[in-house]
Protein chains: 2
Amino acid sequence: MPYDPSAFPPFAVTVDLVVLTVRRHALCALAVRRGEPPFQGRWALPGGFVRADEDLAGAAARELNEETGLRAQDPGDHTAEAHLEQLATYGDPDRDPRMRVVSVAHLVLAPDLPSPTPGGDADSVRWAPVESLLQPSGTEEDPPEPLAFDHGRILADGVERARSKIEYSSLATAFCPPEFTVGELRRVYEAVWGVVLDPRNFHRKVTGTPGFLVPTGGTTSRQGGRPAQLFRAGGATLLNPPMLRPDV
Amino acid sequence: MPYDPSAFPPFAVTVDLVVLTVRRHALCALAVRRGEPPFQGRWALPGGFVRADEDLAGAAARELNEETGLRAQDPGDHTAEAHLEQLATYGDPDRDPRMRVVSVAHLVLAPDLPSPTPGGDADSVRWAPVESLLQPSGTEEDPPEPLAFDHGRILADGVERARSKIEYSSLATAFCPPEFTVGELRRVYEAVWGVVLDPRNFHRKVTGTPGFLVPTGGTTSRQGGRPAQLFRAGGATLLNPPMLRPDV
DNA sequence: AGAATAGTGTCTCTTAGACACTATCGC
DNA sequence: GCGATAGTGTCTAAGAGACACTATTCT
């Protein structure tokens with residue numbers, strides 16, 4: 001099997017981003033409106049070409065910063081604002097009608113951003129509940145068209161990855177601001193899984209898991225009711241035993 | 001952000017294969033010896049270029065068949081001989097000294113094959129315990145060189161995927177022949193995890209998980225001792241509750 | 001006071017893990 | 001018989017889930 005790298009079929013390599021956050025008790029994804037054909041005017045995932053001198057995660061972090069201003073997580077960088085990981089790669093020969101494009105999709109988990117539509121482009125970038133992107137309903141703000149290219153499939157894979165990964169890792173904290181309460185963390189789980197959890201058992205579970213939460217000493221009553229302790233994410237990345245998703 | 005697919009940097013796209021099996025109570029991977037520079041004479045993972053008209057899984061299945069004769073699993077194809085899934089994509093700019101190559105790695109889980117070195121090329125293809133490939137010891141048959149390119153990293157990622165995935169899925173059966181005993185399945189877990197499991201609790205656990213194992217009615221005493229019931233893999237893919245890996 | 005959220009205690013039921021014991025083969 | 005593997009029963013400790021109860025804030 002001769003291996004001649006100068007005789008290869010021409011490929012373009014892109015990164016696409018599934019950027020998830022929790023807004024108003026719903027799991028939302030970042031979508032951009034396409035300005036040119038194909039799929040002009042349709043919503044799509046943000047993304048772009050990988051440059052000649054950057055690696056895949058670097059390209060994804062650059063696109064994320066261009067689109068949202070967020071800085072993604074270099075491994076071990078605790079000042080980062082968002083979690084970024086590779087999701088999967090999509091390379092069907094006809095996924096882009098123009099030419100052969102292989103897209104390396106990445107998953108980003110971010111806390112709710114103050115600016116609803118980041119960047120200046122309020123008209124062409126938005127957060128949308130993932131259900132409305134996956135099953136377009138044809139209402140005023142949700143066009144009846146599905147996402148461009150195979151982005152619906154990519155988004156579905158990213159959502160499923162996020163749903164399963166918060167079970168056995170501490171990644172749910174990536175949806176929270178640097179300091180958060182147990183109740184806020186519980187509402188993240190409820191939004192991502194679409195379930196209702198018992199607040200008392202949840203509290204006992206997360207505070208009893210070593211390394212998951214570290215109390216900061218402060219309290220807040222921003223949710224109303226009795227003031228709650230503030231926590232930040234602990235060092236643990238794998239939860240053992242895991243959080244259990246109901247109904248499964 | 002103009003999106004011009006005709007002005008893209010030149011990429012080559014390959015698939016690399018982490019093919020795992022259990023042989024003589026050890027987790028083994030398929031390695032091929034490189035015939036040309038770079039890394040001439042070193043061991044590497046099997047793989048090759050993605051052709052212009054095939055998708056990524058198709059390219060991986062073709063390479064697998066060329067290398068081992070195995071037919072990989074099309075989704076839902078129960079006559080397939082091996083499980084194939086996408087693992088991750090590796091695209092550091094300097095991972096191949098010749099040019100920019102993005103490799104979409106795939107993970108294959110296969111039962112032990114009758115032919116120790118498949119294909120005619122007994123000298124350039126072999127099964128090797130994953131530890132000897134990941135930490136070359138410099139003995140007679142294990143050269144002290146690590147795998148070519150970033151294949152050591154890819155292999156390590158594949159092994160970790162296999163180890164974690166047999167916890168919560170029925171994938172361990174992919175390492176078994178079509179009919180197998182509970183003891184044989186237990187030895188798969190023991191080899192992949194490198195642990196010793198209690199045969200009695202294991203038996204109770206796997207036979208008590210609905211959809212995991214289906215008795216075929218036959219028995220065998222090929223392991224010695226009291227004849228054991230034969231099973232085949234059931235329809236369940238996700239195990240709930242999962243198998244628990246000790247010491248974690 | 002009443003409503004809301006935070007946090008603790010207690011009970012039950014399921015399950016993992018340890019291990020005694022029986023069953024059925026080959027030698 | 002002896003040693004191997006197969007398979008069942010039993011006990012204990014830990015955790016999930018249900019839910020009563022108390023604590024502290026805001027309106």
Side-chain angles (χ1 to χ4, degrees), chain A residues 24-25 166-168 176 179-191 193 195-232 236 238-248, chain B residues 25 166-168 172 176 179-191 193 195-232 236 238-248:
Chain A
R24 280 171 285 130
H25 222 144
I166 65 174
E167 287 191 75
Y168 58 88
C176 295
E179 296 199 348
F180 53 90
T181 69
V182 172
E184 290 164 350
L185 182 64
R186 174 171 48 82
R187 279 178 275 275
V188 164
Y189 276 93
E190 291 179 334
W193 284 346
V195 298
V196 173
L197 301 175
D198 184 291
R200 300 155 295 185
N201 292 333
F202 183 86
H203 188 282
R204 189 156 34 81
K205 171 82 179 180
V206 296
T207 56
T209 299
F212 192 5
L213 299 183
V214 177
T216 66
T219 62
T220 183
S221 56
R222 59 187 174 221
Q223 298 290 341
R226 169 178 169 180
Q229 284 185 72
L230 285 169
F231 296 86
R232 55 181 179 77
L238 253 53
L239 302 184
N240 197 290
M243 297 292 305
L244 290 187
R245 176 159 31 162
D247 294 334
V248 188
Chain B
H25 222 143
I166 65 173
E167 286 191 75
Y168 57 89
C176 295
E179 297 199 348
F180 53 89
T181 69
V182 172
E184 290 163 350
L185 182 63
R186 174 171 50 81
R187 279 177 275 276
V188 164
Y189 276 93
E190 292 179 334
W193 284 345
V195 297
V196 174
L197 300 174
D198 185 292
R200 300 155 295 184
N201 291 332
F202 183 87
H203 188 281
R204 189 157 34 82
K205 171 82 176 178
V206 297
T207 55
T209 299
F212 192 7
L213 300 183
V214 178
T216 65
T219 62
T220 183
S221 55
R222 59 187 173 217
Q223 298 289 343
R226 169 178 167 181
Q229 284 184 71
L230 283 169
F231 296 86
R232 54 180 179 78
L238 254 52
L239 302 185
N240 197 291
M243 296 293 304
L244 290 186
R245 176 161 29 162
D247 294 333
V248 188

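Quick note on labels: first sequence line is chain A, next is B, and so on, each numbered from 1.
- Contact check, A/H203 against C/dA6: no side-chain N or O comes under 4.0 Å of OP1 or OP2.
- One finds the CG atom of B/L244 at 8.0 Å from the CG atom of A/N240 (value rounded to the nearest 0.5 Å).
- B/R186 comes within 4.0 angstrom of the backbone, heavy atoms only, and of no base.
- Distance, B/N240 CG to D/dG15 P: 18 Å, rounded to whole Å.
- Rounded to an integer number of Å, the gap from B/L185 CG to D/dT5 P is 16 Å.
- For B/R222, the CZ atom is densely surrounded, since the number of other residues' heavy atoms within 6.0 Å is greater than 12.
- Rounded to whole Å, atom P of D/dT5 lies 17 Å from atom CG of B/L230.
- The two residues B/P210 and B/A236 make their nearest non-hydrogen contact at O-CB, 3.9 Å.
- Within 4.0 Å (heavy atoms only), A/P199 reaches no atom of the nucleic acid at all.
- The shortest heavy-atom contact between A/L197 and A/E190 is N-OE2, 3.0 Å.
- Spacing between atom CG of A/L197 and atom C1' of C/dG7 amounts to 17 Å, rounded to whole angstrom units.
- Residues A/E167 and A/P242 approach most closely at O-CB, 3.3 Å, considering heavy atoms.
- Put simply, B/Q229 has no side-chain N or O that comes within less than 4.0 Å of OP1 or OP2 on D/dA6.
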Decide side chain to side chain contact (heavy atoms under 4.5 Å, CB included) for A/I166 and A/R245; before the verdict, give the C-alpha distance in whole Å, the side-chain angles of both, and the deciding distance to 0.1 Å. CA-CA 9 Å; A/I166 65 174; A/R245 176 159 31 162; over 6 Å; no

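- Closest to the B/V182 side chain, of the nucleotides D/dG7, C/dG7, C/dA6, is D/dG7.
- Positionally, the nearest nucleotide of DNA chain D for B/R187 lies more toward the 5' end than for the other of B/R187 and A/P241.
- Rounded to whole angstrom, the span from the CD atom of B/Q223 across to the P atom of D/dG7 amounts to 12 Å.
- Residue A/K205 has no polar side-chain atom (N or O) positioned under 4.0 Å from OP1 or OP2 of D/dG15.
- Between A/T181 and A/L230 the shortest side-chain heavy-atom distance falls below 4.5 Å.
- One can place CZ of B/F231 at 6 Å from P of D/dG7, the figure rounded to the nearest angstrom.
- Residue A/Y168 contributes atom OH, which lies 21 Å from atom C1' of D/dG15 at whole-angstrom precision.
- In this structure, B/R245 atom CZ and C/dG17 atom C1' are separated by 18 Å, rounded to whole Å.
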Heavy-atom contacts, protein to nucleotides 18-25 of chain D, under 4.0 Å, summarised as B (base), S (sugar-phosphate only) or - (none) per nt, yield BBBB-BBB

